[in-house]
Every structure is written in C-alpha cells, then in structure tokens.
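Numbering of residues begins at 1 and proceeds along the displayed sequence.
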Amino acid sequence: MALGADQQTTTSGNVFIPEVWSQEVLRAAENALVMAPLVWRFDSLVREKGDTVNIPNLSNLTATSKSINTQVTLQAPVETNTSISINNHYESSFLVEDLLKVQSNYDLLSEYTKKAGESIARRIDTDLLGTYTSFTNTDVGTYGVDVTDAVILSAIEAIDLANAPIEDRAFVIYPTQKTALLKLDKFVKADYVGEYDQPTMVKTGPNNRYLWGDIYGIPTYYTKQVTQTAATPTQTHNMLFHKEAVALALQQAPRTQSSYILEYLGTLVVVDTIYGYTATRPTFGIEVRS
C-alpha cells in the first residue's frame, strides 16, 4: 500500500535535527612565502630611524704596466650609490564585536590575527618577487612554455658571466614549473646520473617548507607568489638570482596591536609593517620565463 503524502520526513521534522559545527575551522589556503630570507637585508640600519639607505657602489680597478723610472698610474673612479627608500607602510586590520566574540564557538581574534600577519608577509613577498622587472640580465625562456634543462643552464650561465658568486643563489619558480621539471629524467632518475645510492640532482631540502630541492647546487623554491601577467599565453616570471640582486630593509617588523573600541563594543586588531626594497645588483638576477 502506498504511504501517501502525510508521513514525517527530514523536511517536516527539520527542527529536530541539530546542525553540528566542527571545533576546527577551514582556513583559507595561504601562498608560500619564501623571498625575505633569500635577499640582501639592511634591517639593522633603519631599525630606529631614517627613510633612506644609501649603499655606496665600489668600482673595479685596472692593473697597469709599470715602466722603469716612471710614476704609477693613479686611478680615481667616480663612484655612485644605490638607495633603498623606506616608503612602504602596510596594515591589515579587523574588528570583532562583543556579541560575535561572546557567542562564537571559536577564538576569532586569534584566528584572524594569524591571517592578518600572513597578509603582511605576503605583501612583502609580492614586492620582492616583482623586482624581476629591474633585472638587466637578458631574460631566458619563453612565455607559455615550460622551463627546460637548457633554459636553466642558460640562466645560470648568464649570472656566471655577471660574476655573481656561486654561494647565496636561489631559484624561485611557479608550482607548475616544479611539475615540468619533475618530468625530466635527469632531475629525478638516479640511474640517469649514475648514483644509485645518492640523492638525485634534485635533492629535497628540510630547511624550508617550500624548499623543493637543489638544481645544479642552487636551492630551488616554489610558490604561487611568483608574478604572473595576464596575457595570451599567461606570462610567468620565475626568477634566478644571487642574494645581492635584491635588497630589503625592514624598518618595523610586522607588529600586532589591539585595543577595545567602546563606540563599537568590539576589539580592534591591527597588524602593520614598514619597509623598503630595491634591486641592488640588477645583473645578478634573471627572469626565467614560462
């Protein structure tokens, strides 16, 4: 016999069914932040005061032949300087009213304070990754085409020719390029490099969450923070650089301040930072296009 239409269902009895809320919150996915530890830092010079850091440029001298009974050849190069303007002041803030704070099942002040701090760090990372536009070394690679072994070698050669030291180099790539490089046998197959019991040419590194490994001895990081330009195809601006290619002067490290705002019956939280940055040795960096 048919039941008809008078039975109790989850629709008619909805008031009896509780909604269960997890004690955990689903936080927005955060981009990998990698650049600040990899660049030339001048924080200590501006920690207490100042709005500009001037870095004197020192020229090379030339060896000259010395003839008998003649004076030495004096050299007096006219020097310049590179400046870092401390002109970036960013903040991230929010206010939680008492009604929400009291009734919420979560510590919203703590959760959003973490998010505010991350947004400040992300801003610094974005600015540093944008310095590729100031690099004067000739770009390598092609927009819309995955990075290849040959492109990487060309980039390394370019900063070698600029006399960039082997130490303190870094390669920062978009995640899709990590995938592209993993498809190349020489970077992942031990038998290709002839060392079955040794790490391959890409070695996973433990020192940073987003340190993928070493490529030709260069620490390689991946992050979605790598600058992309909307075009057809999309232009991805990966970077290979030496530490001295880019400078950061963090005058005020990200700080957190809070106060109770009586007019709003709520707690205001502000995270802010003050810093400057610039490309200091433009020949020590190169854009690796993909």
Let me know which of [options] forms a side chain to side chain contact (heavy atoms under 4.5 Å, CB included) with [X].
X: Ile55; options: Thr278, Ile84, Asn81; result: Ile84
X: Val172; options: Leu128, Thr223, Asn238, Leu240; result: Thr223
X: Met239; options: Val288, Leu129, Val226; result: Leu129

Once rounded to the nearest 0.5 Å, what's the spacing between atom [atom1] of [X] and atom [atom2] of [Y]?
X: Leu109; Y: Leu100; atom1: CG; atom2: CG; result: 9.0 Å
X: Ile215; Y: Lys178; atom1: CD1; atom2: NZ; result: 11.0 Å
X: Lys224; Y: Thr176; atom1: NZ; atom2: OG1; result: 10.5 Å
X: Gln177; Y: Thr148; atom1: CD; atom2: OG1; result: 10.0 Å
X: Lys101; Y: Leu95; atom1: NZ; atom2: CG; result: 10.5 Å
X: Leu99; Y: Gln103; atom1: CG; atom2: CD; result: 4.0 Å

Heavy-atom donor-acceptor pair, [X] side chain to [Y] backbone, under 3.5 Å:
X: Ser119; Y: Ala116; answer: yes
X: Ser154; Y: Ala150; answer: yes
X: Gln251; Y: Arg47; answer: no
X: Ser67; Y: Thr70; answer: no
X: Gln225; Y: Asp125; answer: no
X: Arg41; Y: Ala36; answer: yes
X: Ser85; Y: Asn87; answer: no
X: Thr52; Y: Gly50; answer: no
X: Thr236; Y: Gln228; answer: no

TODO: Give the ring-plane orientation class for His242 versus Phe284, where under 30° counts as parallel, over 60° as perpendicular and anything between as tilted.
DONE: perpendicular

What heavy-atom pair brings [X] and [Y] nearest, and what distance separates the two atoms?
X: Ile286; Y: Ala155; value: CG2-CB, 4.0 Å
X: Phe241; Y: Leu38; value: CE1-O, 3.9 Å
X: Thr267; Y: Ser258; value: CG2-CB, 4.4 Å
X: Thr280; Y: Glu244; value: OG1-O, 2.5 Å
X: Glu79; Y: Ser59; value: OE1-OG, 2.7 Å
X: Ile120; Y: Ser92; value: CD1-N, 4.0 Å

Task: Stepwise side-chain contact (heavy atoms from CB on, under 4.5 Å) check, Leu265 with Glu97 - done: CA-CA 6 Å; Leu265 292 178; Glu97 291 193 357; 5.9 Å; no

Close side-chain approach of [X] and [Y], heavy atoms under 4.5 Å:
X: Phe42; Y: Leu250; value: no
X: Leu61; Y: Pro77; value: yes
X: Ile218; Y: Ile156; value: yes
X: Tyr112; Y: Val269; value: no
X: Tyr221; Y: Pro219; value: yes
X: Leu153; Y: Glu157; value: no
X: Ile173; Y: Leu181; value: yes

- [ ] Give a yes-or-no answer on whether the side chains of Asn137 and Thr283 include a donor-acceptor pair shorter than 3.5 Å.
- [x] no

Task: Between Tyr216 and Asp149: side-chain donor-acceptor atoms closer than 3.5 Å - done: yes

Using the rule that two of Ile, Leu, Val, Met, Phe, Trp, Tyr join whenever any of their side-chain heavy atoms come within less than 4.5 Å, decide whether [X] and [Y] are in one cluster.
X: Phe94; Y: Ile261; value: no
X: Tyr264; Y: Leu108; value: no
X: Leu45; Y: Ile86; value: yes
X: Val151; Y: Val145; value: no
X: Leu248; Y: Trp40; value: no

A quick test of your reading: do over 12 heavy atoms of other residues, nucleotides or ligands sit less than 6.0 Å from [atom1] of [X]?
X: Lys49; atom1: NZ; value: no
X: Gln75; atom1: CD; value: yes
X: Tyr143; atom1: OH; value: yes

Open item on the list: side-chain hydrogen bond (donor to acceptor under 3.5 Å, both in side chains), that's the test. Do Tyr132 and Asp139 meet it? Break it down for me.
Closed with: CA-CA 10 Å; Tyr132 78 90; Asp139 307 327; over 6 Å; no

Open item on the list: For the aromatic rings, using the six-membered ring if either is Trp, is the centroid distance between Phe135 and His237 under 6.0 Å?
Closed with: no

Using 4.0 Å as the upper bound for N to carboxylate O, is an ion pair formed by [Y] and [X]?
X: Arg122; Y: Glu118; value: yes
X: Asp160; Y: Arg169; value: yes
X: Arg289; Y: Glu287; value: yes

Task: Stepwise side-chain contact (heavy atoms from CB on, under 4.5 Å) check, Arg255 with Gln257 - done: CA-CA 7 Å; Arg255 64 176 177 177; Gln257 300 182 94; 3.3 Å; yes

Open item on the list: Checking Asp272 against Gln252 for the side-chain hydrogen bond (donor to acceptor under 3.5 Å, both in side chains) test, could you report, in this order, the C-alpha distance in whole Å, the side-chain angles of both residues, the deciding distance, and whether it holds?
Closed with: CA-CA 8 Å; Asp272 73 316; Gln252 176 186 284; 3.0 Å; yes

Open item on the list: Quick one, Glu91 with Val271, criterion side-chain contact (heavy atoms from CB on, under 4.5 Å). Give me CA distance, side-chain angles, the key distance, then yes/no.
Closed with: CA-CA 5 Å; Glu91 60 84 19; Val271 180; over 6 Å; no

Task: Working for side-chain contact (heavy atoms from CB on, under 4.5 Å), residues Thr82 and Asn57 - done: CA-CA 7 Å; Thr82 299; Asn57 299 327; 3.2 Å; yes

